[in-house]
Amino acid sequence: MRRLMQDMIFATRPTQTLFEALLDAADIQGHGHTLVEDLKQIEYTYRDLIKMSLALGRLVARESTPGERVGLLLPNLAPTLGLVFGLTAHRRVAAMLNYTAGVDGMQAACTAGQIRTILTSRAFVEQAKLGDKLAALTDVRLVWLEDLRDRMTLGDKLWLMAWALPFPRAALPAGSPEDAAVVLFTSGSEGKPKGVVLSHRALLANIAQIRAVVDFSIDDKILNALPLFHSFGLTAGGLLPVLAGAKVFLYPSPLHYRVLPELAYDRNCTVLLGTSTFLGNYAKFAHPYDFYRLRYVIAGAEKLATPVRDLWFEKFGIRIFEGYGATETAPVLAVNTPMAFRSGTVGQLLPGIQHQLVPVPGIPSGGMLHVKGPNLMSGYLRFEQPGVLQPPVSPAGEGWYETGDVVEIDDDGFVKIVGRVKRFAKVAGEMVSLEAVEKLAAAAAPGATHAASTQPDASRGENILLFSTDPTLTRDRLQAAARDGGWPEIAVPRRVVLVDALPLLGTGKIDYVTLKQWAEKA
């Protein structure tokens with residue numbers, strides 16, 4: 001009955017824009033409610049964030065046209081979040097660029113989204129050593145945040161203080177919840193990045209869906225080091241706390257494995273977001289007391305490794321709640337919660353999400369997951385057809401999204417990921433999950449990191465290669481682990497290749513494109 005009522009609620013789509021939702025949250029929580037903190041250790045209230053959004057949005061609006069996709073190349077700081085709200089308030093679209101993607105990745109994103117203007121900061125570009133990358137981009141104009149502030153006139157200040165701040169709903173043109181709010185770019189872990197256009201409706205629906213099953217409150221403080229150009233980082237680590245009245249500490253890099261545990265302790269954080277890779281590294285360097293205030297640790301973006309889950313429970317007594325989603329779904333589709341938890345799954349689908357499982361030849365259990373819901377993207381922007389919005393469609397019908405994941409859903413609605421279709425190898429006519437190969441490696445050598453890829457083989461179709469950071473891992477050890485754990489012999493990789501470290505994307509996911517190139521050369 002509870003599930004049915006939730007689904008009925010989410011059949012009614014949000015009727016606001018992001019900026020209107022921000023104003024509503026400020027009215028509910030109080031405009032002086034402290035909200036956002038970043039590395040500068042300045043605490044921003046709703047009033048500060050609204051003021052920042054109005055002012056910066058107006059200045060950027062002068063440099064762009066209504067409906068234009070404006071590239072944001074900025075770190076996790078309060079002004080970045082302010083710009084997301086401010087651009088949408090002025091009917092612009094915030095295109096969140098991945099500054100770790102390299103020149104080719106950024107250029108592909110700018111081409112796909114027809115991004116002509118990139119807003120960035122000299123201090124950030126210098127610190128992140130991005131100067132050469134930006135200089136190599138073509139057909140884009142850089143607008144510096146430092147220069148924008150100098151262009152604020154007396155008229156702008158009067159407009160802000162006398163009109164926009166007191167009467168923000170009247171000062172700006174009302175937008176539609178179906179308008180594009182942001183463009184995020186897929187990680188490119190398996191190909192060229194695609195622009196994912198998310199409307200105000202999709203983002204606000206996903207936030208409401210998350211809040212329906214996870215009890216974030218004004219007493220919570222989220223530590224978010226996941227970049228805001230990443231869908232998990234933006235929605236769960238940026239927009240959700242602001243619109244729910246929870247505090248958020250924005251940290252610019254998830255790679256500072258020693259700093260973040262201390263920060264969690266020092267800033268009294270109660271919620272930590274991360275990928276399995278990042279959470280595993282935080283646990284290695286953290287003192288058991290660093291995380292004693294945490295009540296939620298939520299993992300997403302990649303499969304939660306069993307050794308990471310076990311380490312967190314043994315060292316900190318904390319159960320990690322694994323979730324699942326896609327940039328195309330704004331992003332959360334399912335998540336484990338204290339009230340509905342099943343180990344080895346990614347939880348139950350959020351309310352309002354319809355699903356279909358389509359059988360995949362060669363894979364006996366589960367099926368390809370297709371989803372539809374109010375949090376679904378408006379469509380793709382592809383490199384091959386710049387600026388052309390391609391609405392979602394799948395074999396399940398128009399308005400459906402094919403996730404690319406083979407899943408099983410049990411009688412209680414818990415979703416178990418079998419694997420990505422692209423991450424299956426066809427060895428001697430049999431489909432072998434590369435994720436199963438990686439699980440086998442983790443069982444054989446739990447203290448190291450592993451990733452599997454394939455190379456063509458004339459007689460067997462494909463060979464499986466395992467890249468590992470364990471210098472002692474041999475094929476014999478893998479075969480022994482397979483016998484002990486009941487894995488089929490065919491899941492044992494043909495070769496083990498020793499590497500110093502696995503290639504990672506800025507989001508913390510393994511870079512399978514680079515891994516595939518390594519495999520082809522091996």
Side-chain angles (χ1 to χ4, degrees), residues 14 16-22 52-74 79-99 101 106-120 137 139-143 145 148 172-186 193-207 227-231 233-235 238-239 242-243 327-331 375-383 385-392:
Q16 306 163 292
T17 63
L18 284 178
F19 189 68
E20 288 169 336
L22 174 65
M52 192 188 300
S53 301
L54 290 166
L56 290 175
R58 180 178 171 90
L59 295 171
V60 178
R62 265 200 215 117
E63 307 287 335
S64 55
T65 57
E68 183 179 335
R69 292 179 280 273
V70 179
L72 288 190
L73 195 78
L74 292 164
T80 309
L81 207 50
L83 274 161
V84 172
F85 285 106
L87 286 172
T88 60
H90 286 82
R91 308 295 292 275
R92 272 67 175 169
V93 183
M96 313 299 286
L97 293 174
N98 178 352
Y99 43 80
M106 283 198 283
Q107 186 69 64
C110 290
T111 301
Q114 291 189 319
I115 296 166
R116 301 188 299 272
T117 303
I118 294 178
L119 184 62
T120 187
L137 296 179
D139 300 322
V140 294
R141 178 175 65 106
L142 299 180
V143 174
L145 201 56
L148 265 189
L172 292 167
S176 163
E178 297 300 327
D179 289 343
V182 302
V183 179
L184 299 174
F185 293 90
T186 58
K194 298 185 288 285
V196 176
V197 179
L198 295 171
S199 64
H200 298 268
R201 175 258 309 159
L203 291 164
L204 292 174
N206 201 225
I207 289 166
L228 292 172
F229 61 69
H230 184 244
S231 55
L234 177 66
T235 301
L239 301 178
V242 167
L243 300 181
T327 306
E328 292 83 351
T329 56
N375 55 318
L376 191 60
M377 65 175 175
S378 303
Y380 281 128
L381 298 170
R382 295 181 185 270
F383 178 82
Q385 290 182 287
V388 178
L389 184 69
Q390 298 180 344

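Quick caveat: nothing in here was measured; it's all calculated off a predicted structure.
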Heavy atoms only: give me the nearest [X]-[Y] pair and the separation to one decimal.
X	Y	answer
A330	T235	O-OG1, 2.7 Å
M106	N98	CG-O, 3.5 Å
S378	P392	O-CD, 3.3 Å
A181	L203	CB-CD1, 4.0 Å
S64	V70	CB-CG2, 3.9 Å
L376	R201	O-NH1, 3.1 Å

Distance, nearest 0.5 Å, that separates [atom1] of [X] from [atom2] of [Y]:
X	Y	atom1	atom2	value
C110	F185	SG	CZ	7.0 Å
T327	L198	OG1	CG	8.0 Å
L72	L74	CG	CG	6.0 Å
T111	D139	OG1	CG	7.5 Å
L172	E20	CG	CD	10.0 Å
T80	M52	OG1	CE	9.5 Å

With a 4.5 Å cut-off on side-chain heavy atoms, are [Y] and [X] touching?
X	Y	answer
I115	L97	yes
V60	L83	yes
L381	K194	no
V182	V196	no
T17	S176	no
L73	L119	no
M377	V197	no
L87	F19	no

Does [X] reach the main-chain N or O of [Y] with its side chain, forming a donor-acceptor pair under 3.5 Å?
X	Y	value
R141	T117	no
T186	P193	no
R69	A94	no
T329	N375	no

message: Check this for me, if you would: do R91 and E68 make a salt bridge, where the nitrogen-to-carboxylate-oxygen distance has to be below 4.0 angstrom?
response: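 Answer for the salt bridge query: no.
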
Partner of Y380 by side-chain hydrogen bond (donor to acceptor under 3.5 Å, both in side chains), out of Q390, E328, Q385: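 That would be E328.
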
task: List the steps and the verdict of side-chain contact (heavy atoms from CB on, under 4.5 Å) for V93 and T88.
output: CA-CA 6 Å; V93 183; T88 60; over 6 Å; no

query: Does the ring center of F229 lie less than 6.0 Å from the ring center of Y99?
result: yes

task: Check the pair Q16 / L204 against side-chain contact (heavy atoms from CB on, under 4.5 Å), numbers first and verdict last.
output: CA-CA 8 Å; Q16 306 163 292; L204 292 174; 4.0 Å; yes

- request: Begin from the C-alpha positions of L18 and L239 and carry the test side-chain contact (heavy atoms from CB on, under 4.5 Å) through to its verdict.
  value: CA-CA 9 Å; L18 284 178; L239 301 178; 4.3 Å; yes

task: Please report the C-alpha distance between H200 and E178 in whole Å, then the side-chain angles of each, then the deciding distance to 0.1 Å, and finally whether the side-chain contact (heavy atoms from CB on, under 4.5 Å) criterion is met.
output: CA-CA 6 Å; H200 298 268; E178 297 300 327; over 6 Å; no

